[in-house]
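Order of the sequence lines fixes the chain letters, A, B, ..., with proteins taken first and strands second; residue numbering starts at 1 for each chain.
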Amino acid sequence: MLEECKRILKKYLAEKGSIISILQDVQDNFGYIPEDVVFWFSDALNIPASDFYGVATFYAQFCLKPRGKNIVTACCGTACHVKGSGPMISRIRADLGLEGEEDTTGDNQFTFENVACVGACSIAPVLIINKKVYGNMSPEKASNVLKEFGEEGRAS
Amino acid sequence: MTITGTNKGHLGKKALEKDLVIRVCVGTGGLAAGSGEVIERFIGELGNRGLRGEIEQKCVNKTGCRGFCARDVLVDVILDGDISTYQFIKPDMVSRIVEDHIINGSPIKEWLVGPDYHVFHDKQTKVLLKQCGQIDPEDINAYTAIGGYEGARKALALTPFEVIEEVKAAGLRGRGGAGFFTGLKWDFCSTSRGTPKYIICNADEGDPGAFMDRSVIEGNPHSVLEGMMIAGYAIGANHGFIYIRAEYPLAISRLETAIAQATEKGLIGKNIIGSGFDFDIKIKKGAGAFICGEETALIASIEGKRGLPRTKPPFPAHKGLWGKPTVINNVETLANLPAILTKGSEWYASIGSEQSKGTKVFALTGKIKNTGLIEVPMGISLKEIIYEIGGGMERNRKFKAVQTGGPSGGCIPASHIDMPVDYESLIRIGSMMGSGGMVVMDDTTCMVDMARFFLSFTQNESCGKCTPCRIGTKRMLEILTRITEGKGKEGDIELLIELGTDIKLSSLCGLGMSAPNPVLSTIHFFRDEYEAHIREGICPANVCKALRQYVINAEKCKKCGKCFKACPAGAIAWKPKQTATLDKTKCIKCGACYEACPFSSIM
């Protein structure tokens, strides 16, 4: 952990207002924003940890909990909504066994999240799995695509 | 570029002495449809037939989005200048194209685009999108070959004052949504005191349903860089930032490549093009906050803070990034500049309407046949956009409304379909231009649900700083949700209007000021739908789950019993070889029977 933190710090030391960029690199590296990493940077830059958390909790991109191995993102922008992203999302959540506010399956294989709009509106509804974009989805198609990521990915 | 090669195999030696260029779209939409694999297949198939060597990347060109994503993957095969365009191409169709068309000279007619494809493009006026789909966005030489960076050269030969006057004369207005006159904004900044000054490109295209900026960046990133150089020179800013949302990874990487290539060629850096003007560009990634598309919140974000807007005045042109004079321009606004500088303000001002000059790129989506990106002159009628360029409604359903301006805009119903699309006309009708998203809706869309959808988006994205937006939008959303759940009360509509008007007047920033627009606009044009929800407990479009009415059409019922088996509430009565019947009092409106019926006998 120390090595990565030092590398990120070096990259942004000369830059003004780099909290967001630092957090972005931290998330890219660790998959989420670990508490001990925040406190390390807070010490190194003499910026209160609360400033970091203020930023991390404001922007939707940042995750304070570890995420699953596969990141499934459903677009719920206007065009996708009009073309039926709702039923697709319900189907995916059902397939992954996610209830209520949960977003990560019990076995940490999948994290499911919504995003406001990825800008691929003409192929709505859109699903992104591990950064690969799937267009013209339906509940059935989404379910099939998820299957490709392994039966073991399903929560019981 | 001539390709010669030997064709190994049963055809013996064969030289293909023709100029061959193949163009495949690698915008996000194209890639999602499999264009990456299509390109690999072309390279493979041509290689297998002995046509190797120079082909690899030069011949099979990656291009940006040409706008017609509905027909992906689109492939141009150009032999000796003759262009044939194929649509809906899948990887395993490639070998036949190579064999029949490229080698044997006969295009495959049933895979070619029809006249409607050409209508889609011919009816547009392409300025920004002209090169998207024509040039390789990852090669600066492709850009300079078609006159790229000439605009910047011309600007650098004029004085900054002259550049500002030229942009004023062109009548360019901000394409991010508000439509402020660009030349005027530059004027304010250039006459403000304080150094260093900054030019920021707003690429935080957060409107759901909008992907114009993404496509311009992915398809022609250098046009944006060139625009920034021109703007920076005009206002006296040596430093540029591109603030781009993290959800656009391909656009970000294309920009990084473009900046590196431009720097190498001395177009970015110290003393660019030997002009004595220094200019550098840095990329700053957004972190998932719609509000950061607002100028002052964007600035706060670059400064590493929470994206909270602040009061204006002072405007960023006077006090912006780090308290210094700053101009923030939208991607499209900047990408217009090279053409204005090379072709002149008179040419630009000849396109469009009286107050709205130039072209606008729209993202046409929703229940329309030709979904994709279009570029049209300002002032064109909505009817022409939807029925001629857009190809009309999907499945020939009835046009109900089109939403413009994203979550800040409003709906335009069928009764106004002849209206011109420009800044003033859209505001007059209760909507706005916005960034350019146009979502087409038909009779299967519930307008109350749409209003609720937009408000839940803006409510979620509200930064929380000012009371009218933070609490006001929440209350409006609660009322709308109740209405869509069948719990609407008499007086709700009036309350929504009152709340909405107050929130518009008293919010701190543009998000709050425009959040009630979709609600007010749909109440204005579709009040009867709201009243049906509240007074009759019906959703006319049959969308709102709680108000859905399920009915078994006895004449169409094939007596298979699938609905009976699917119903979790025992609301369907059925015996073998008998028509099924539905008891409304037991129905929980889950829709399972509707999904289960293979004969569409349930409505």
Side-chain angles (χ1 to χ4, degrees), chain A residues 12 15-25 27-28 45 47 51-63 73 75-87 90-91 113-128 131-137 139-140, chain B residues 28-29 31-33 67-70 72 205-215 245-249 251 282 284-290 292 301-308 322 363-367 370-373 403 406-407 437 439-441 445 449-450 453-454 457 460-461 463:
Chain A
Y12 294 109
E15 215 178 275
K16 274 203 289 189
S18 51
I19 290 189
I20 295 176
S21 307
I22 290 175
L23 285 172
Q24 281 169 333
D25 276 19
Q27 175 137 320
D28 276 342
L45 292 166
I47 296 174
D51 278 12
F52 282 90
Y53 277 107
V55 166
T57 50
F58 182 85
Y59 294 98
Q61 190 188 33
F62 299 124
C63 229
T73 312
C75 179
C76 46
T78 316
C80 289
H81 177 84
V82 162
K83 290 279 208 147
S85 60
S90 305
R91 180 60 181 271
E113 44 189 36
N114 291 340
V115 78
C117 177
V118 297
C121 317
S122 24
I123 50 171
V126 169
L127 189 65
I128 304 178
K131 303 199 178 169
K132 189 168 172 212
V133 178
Y134 296 86
N136 296 311
M137 283 281 113
E140 213 42 63
Chain B
T28 299
L31 285 170
F68 212 160
C69 319
D72 273 325
E205 189 175 49
D207 273 5
F211 56 103
M212 301 74 55
D213 295 349
R214 172 180 70 68
S215 303
R245 54 196 301 247
E247 293 90 333
Y248 284 175
K282 286 202 181 76
K284 273 279 190 178
K285 287 192 276 194
F290 174 72
C292 287
S301 186
I302 296 185
E303 292 176 355
K305 303 183 191 134
R306 290 160 66 90
L308 301 174
W322 308 117
L364 200 54
T365 60
K367 305 287 185 71
N370 300 338
T371 54
L373 223 53
Q403 214 276 346
V439 186
V440 180
M441 301 167 199
T445 312
D449 176 63
M450 278 317 293
F453 169 81
F454 281 121
F457 172 79
N460 201 357
E461 297 290 340
C463 76

Report which part of [X] has an atom under 4.5 Å of a heavy atom belonging to chain A: side chain, backbone, both, or neither.
{"X": "B:E303", "answer": "backbone"}
{"X": "B:M212", "answer": "neither"}
{"X": "B:D72", "answer": "neither"}
{"X": "B:L373", "answer": "neither"}

*Can you tell if the side chain of B:K284 reaches within under 4.5 Å of the side chain of A:I20, non-hydrogen atoms only?*
no
*Check: B:C463 and A:F58 side chains under 4.5 Å, non-hydrogen atoms*: yes
*asked:* Distance check, rounded to the nearest 0.5 Å: A:C76 atom SG versus B:F453 atom CZ?
replied: 6.5 Å
*asked:* Suppose we screen for salt bridge (charged side-chain N to carboxylate O under 4.0 Å, His left out). Which residues come up paired with B:K285, at least two apart in sequence or across chains?
replied: none
Provide the closest heavy-atom pair for [X] versus [Y] in the form atom of the first, atom of the second, distance.
{"X": "B:P208", "Y": "A:G77", "result": "CB-CA, 3.6 Å"}
{"X": "A:V55", "Y": "B:K305", "result": "CG2-C, 4.1 Å"}
{"X": "B:G286", "Y": "A:Q61", "result": "O-OE1, 3.8 Å"}

*State which residues pass ring-ring contact (aromatic ring centres under 6.0 Å, His included) with A:F52; sequence neighbours excluded, sorted by chain then number.*
none
Just give me the residue among [options] that pairs up with chain A most often, heavy atom to heavy atom, under 4.5 Å.
{"options": "B:F457, B:W322, B:F454, B:Y248", "result": "B:W322"}
{"options": "B:S301, B:G406, B:A210", "result": "B:S301"}
{"options": "B:E461, B:E247, B:R306", "result": "B:R306"}

*When heavy-atom pairs shorter than 4.5 Å are enumerated against chain B, which of A:V133, A:D51, A:I22, A:N136 gives the highest number?*
A:V133
_Region of A:V115 that comes under 4.5 Å of a non-hydrogen atom in chain B_ = side chain
*Heavy-atom distances under 4.5 Å only: say whether A:E15 touches chain B with side chain, backbone, both or neither.*
side chain
*Could you tell me whether the side chain of A:Y59 and the main chain of B:G307 form a donor-acceptor pair under 3.5 Å?*
yes
